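Remarks on the structure that follows.
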Amino acid sequence: MTARVIGHGRAGGSLHRALEEAGWVMLAPLGRDDDLSKAAAGVDLLVIATPDAAIEAVAARISPDAQAVIAHLSGSVGPDVLVPHPRRAALHPLVSLPDPATGARRLSGGAWFAVAGDPFIRQVVDDLGGKAFEVSDDSRVGYHAAATVAASHLAALLGQVERIAADAGVPFEAYLGLVRATIENVAELGPAAALTGPVRRGDWDTVAAHLSALPEPERPAYEAMSASAVLLAGSNVPRADVNMLEHVSVEGFRKALQAERSAGRKVGLVPTMGYLHDGHASLIRRAAAECDVVAVTVFVNPLQFSASEDLGSYPRDLDRDRRIAGEAGAHHLFVPAQEEMWPQGAPTTTVAAGAVGEVLDGASRPGHFDGVATVVAKLFAIAGECQAYFGEKDYQQLLVIQRLASDLALPVAVLGCPTVREEDGLAMSSRNAYLSAAEREVAPKLHQALLAGAGAIADGERDPARVSGVMTDLISQEPAFELDYAVAVHAADLSVPARLHDEVRLLVAARLGRARLIDNIGVTI
């Protein structure tokens, strides 16, 4: 067989040499600037080994020959760029060709070739001792993208290994054995089975530690490959059905939930300030019933406490939190330190809660709901797409957060859950721990006041001021209470209507000793 190559580069030189060693008669190669009009005369195969963008123009300068097969070596385009030649083909070797001598060895060493067009091209592959597979024009872009990942991107990743290893004072050569073993494992077992490392284990804190240690320019590639590893592992990424995974870093928590979603799991989020009780457990249980995986956050947010409030004495018991969260069905527990959430101190960028956060508790605790909105926005940004569960006991907070997610188009569905109460009606709250024995005895009067207000509405009362008076009178019977408010409002926006109608919310707040207690119930008219 007789052949000629147009192009003096690595690919053209490698093929010329390989075919010559396979016994073909190789005519002198030509360059793009040579006279190409008679290049196809007297050959069985003419190969255009030029950059992809030049192939069509080079082919147009060659006089068609009915006997010669005109082929190119591009992986990204098909044979049609060789029109008007009647016999045309594409031959793309899936090997790296760094120089003609090395390239010829690799082309003759059982290489795989993507082929298309004239069937003669398969004889070329056979003579080189290779293996051929057909690639249609519709599949060519995807095929070539995979080839680029397998060659160029792999080399780029190993370049990153070389740089990071140099920074750590480790010789690059020490990693090459690992690379070879990994490729052998992939060849024997397949990519998914060969995957190892922190992503495969679900160890997102290690991933976060790596990211924090890497120079900034190296992080995007590491993050992208971590995401690819998640896709490869799929449902094999652990989800801690038995042992709840605890995270202390923002990046570790974020990557863990990204992995859950990439594996096709629906994420439920339960943000808390810790000191968990059965009210929190009910949120976790509902999330577990409606989602594939549940994440609980424990963070006492300083932004929602004023200077005169109880940040320092707010009750904390992380061991108890771990036990309650795990028993209720949580798979991930996020427990960041203050400096992890706010590494530069108090944030200068904050979220305003808006009108619904300026009344009632917002008026009594200025800035409180801005602090809530800011930390919840950050938690939502870290957690990503999910369903978030909040108790209706903090009804005004629930409205603020629902409006936050809606106004900012956050990928979070905010769901309210019924208030969980003690047997005597007191709403469960972490601040109940502040109550003395005597105060605990009278605390249920708040709920009784709400029931009295609901009873007045059931009896036909529609004046919000009179319903408020019913609740105020009952609470005032107990001198230990310092009443803040007792109101009947529109459930949707906490505004006070002229007459009560549709969905109404009754809300009360009062101080009892060290504790500031709030409660509410809904009434439908």
Side-chain angles (χ1 to χ4, degrees), residues 270 272-287 309-310 313-317 320-321 323-325 327-328 360-361 364-365 389-399 415-459 461 466-489 491 494 503-524:
V270 182
T272 81
M273 290 211 303
Y275 208 67
L276 304 187
H277 49 66
D278 200 51
H280 298 108
S282 72
L283 302 180
I284 300 168
R285 287 191 290 267
R286 176 170 167 185
E309 291 183 319
D310 56 349
S313 60
Y314 191 85
R316 295 167 170 85
D317 189 339
R320 164 180 161 154
D321 293 342
R323 175 180 56 79
I324 292 176
E327 290 176 355
L360 303 178
D361 267 28
S364 300
R365 307 174 67 190
Y389 295 81
F390 292 85
E392 290 184 355
K393 198 270 291 184
D394 296 293
Y395 186 77
Q396 187 173 4
Q397 172 181 278
L398 175 62
L399 293 185
L415 305 177
C417 302
T419 301
V420 177
R421 301 182 180 279
E422 305 286 359
E423 290 186 5
D424 57 7
L426 177 65
M428 289 189 177
S429 170
S430 299
R431 286 187 170 87
N432 291 350
Y434 296 156
L435 298 173
S436 67
E439 290 162 351
R440 177 62 185 81
E441 286 285 331
V442 300
K445 277 196 176 295
L446 284 185
H447 184 235
Q448 294 167 16
L450 292 169
L451 295 177
I457 294 174
D459 290 340
E461 183 59 70
R466 290 182 178 176
V467 174
S468 173
V470 169
M471 297 187 290
T472 299
D473 289 346
L474 195 149
I475 294 171
S476 298
Q477 293 174 12
E478 176 49 61
F481 278 115
E482 182 183 334
L483 182 64
D484 187 348
Y485 59 77
V487 296
V489 297
L494 306 184
E503 296 299 322
V504 173
R505 206 78 188 183
L506 308 181
L507 301 100
V508 296
R511 183 165 292 280
L512 183 59
R514 291 177 54 210
R516 185 176 184 278
L517 304 179
I518 60 174
D519 201 352
N520 68 89
I521 60 174
V523 177
T524 300

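All of these numbers come straight from a predicted model, not from anything done at the bench.
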Test item: [X] side-chain N/O and [Y] main-chain N/O as donor-acceptor pair under 3.5 Å:
{"X": "Arg505", "Y": "Glu503", "value": "no"}
{"X": "Asp394", "Y": "Gln397", "value": "no"}
{"X": "Ser468", "Y": "Ala486", "value": "yes"}
{"X": "Ser476", "Y": "Asp473", "value": "no"}

To the nearest 0.5 Å, tell me how far [X] [atom1] sits from [Y] [atom2].
{"X": "Asp519", "Y": "Met428", "atom1": "CG", "atom2": "CE", "answer": "12.5 Å"}
{"X": "Leu446", "Y": "Leu512", "atom1": "CG", "atom2": "CG", "answer": "7.5 Å"}
{"X": "Glu441", "Y": "Leu426", "atom1": "CD", "atom2": "CG", "answer": "11.5 Å"}
{"X": "His277", "Y": "Glu422", "atom1": "NE2", "atom2": "CD", "answer": "9.0 Å"}
{"X": "Leu517", "Y": "Arg431", "atom1": "CG", "atom2": "CZ", "answer": "9.5 Å"}
{"X": "Thr272", "Y": "Asp321", "atom1": "OG1", "atom2": "CG", "answer": "6.0 Å"}

Exercise. Does Arg466 CZ have over 12 foreign heavy atoms under 6.0 Å away?
Worked result: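 Open: at most 12 neighbouring heavy atoms sit under 6.0 Å from CZ of Arg466.
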Quick check: closest heavy atoms across [X] and [Y], and the distance to 0.1 Å?
{"X": "Tyr275", "Y": "Ser430", "answer": "O-OG, 3.2 Å"}
{"X": "Val270", "Y": "Ala287", "answer": "CG2-CB, 4.2 Å"}
{"X": "Cys417", "Y": "Leu283", "answer": "CB-CD2, 3.3 Å"}
{"X": "Ala449", "Y": "Leu474", "answer": "N-CD2, 4.0 Å"}
{"X": "Leu399", "Y": "Ala491", "answer": "CD1-O, 3.5 Å"}
{"X": "Leu483", "Y": "Ala510", "answer": "CA-CB, 3.9 Å"}

For this session: Would you please test Lys393 and Ser429 for side-chain contact (heavy atoms from CB on, under 4.5 Å) and show each step?
Result: CA-CA 9 Å; Lys393 198 270 291 184; Ser429 170; 3.5 Å; yes
In terms of side-chain geometry, is the basic nitrogen of [X] or [Y] positioned less than 4.0 Å from the acidic oxygen of its partner?
{"X": "Asp278", "Y": "Arg285", "result": "yes"}
{"X": "Asp424", "Y": "Arg440", "result": "yes"}
{"X": "Arg365", "Y": "Asp484", "result": "no"}

For this session: Under the salt bridge (charged side-chain N to carboxylate O under 4.0 Å, His left out) rule, what do Arg516 and Asp361 come out as? Steps first, then yes or no, please.
Result: CA-CA 11 Å; Arg516 185 176 184 278; Asp361 267 28; 3.0 Å; yes
For this session: I would like to know whether Tyr395 and Thr419 meet side-chain contact (heavy atoms from CB on, under 4.5 Å); could you show each step before the answer?
Result: CA-CA 9 Å; Tyr395 186 77; Thr419 301; over 6 Å; no
Exercise. Yes or no on side-chain contact (heavy atoms from CB on, under 4.5 Å) for Met471 and Val508, after CA distance, side-chain angles and deciding distance?
Worked result: CA-CA 8 Å; Met471 297 187 290; Val508 296; 4.2 Å; yes
Problem set entry | 4.5 Å side-chain heavy-atom contact, Pro315 and Tyr434 |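 Result yes, sub-4.5 Å side-chain heavy-atom pair found.
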For this session: Please say which of Leu450, Val487, Ile518, Ile521 ends up in a side-chain contact (heavy atoms from CB on, under 4.5 Å) with Leu507.
Result: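 Considering Leu450, Val487, Ile518, Ile521, a side-chain contact (heavy atoms from CB on, under 4.5 Å) with Leu507 is found only for Val487.
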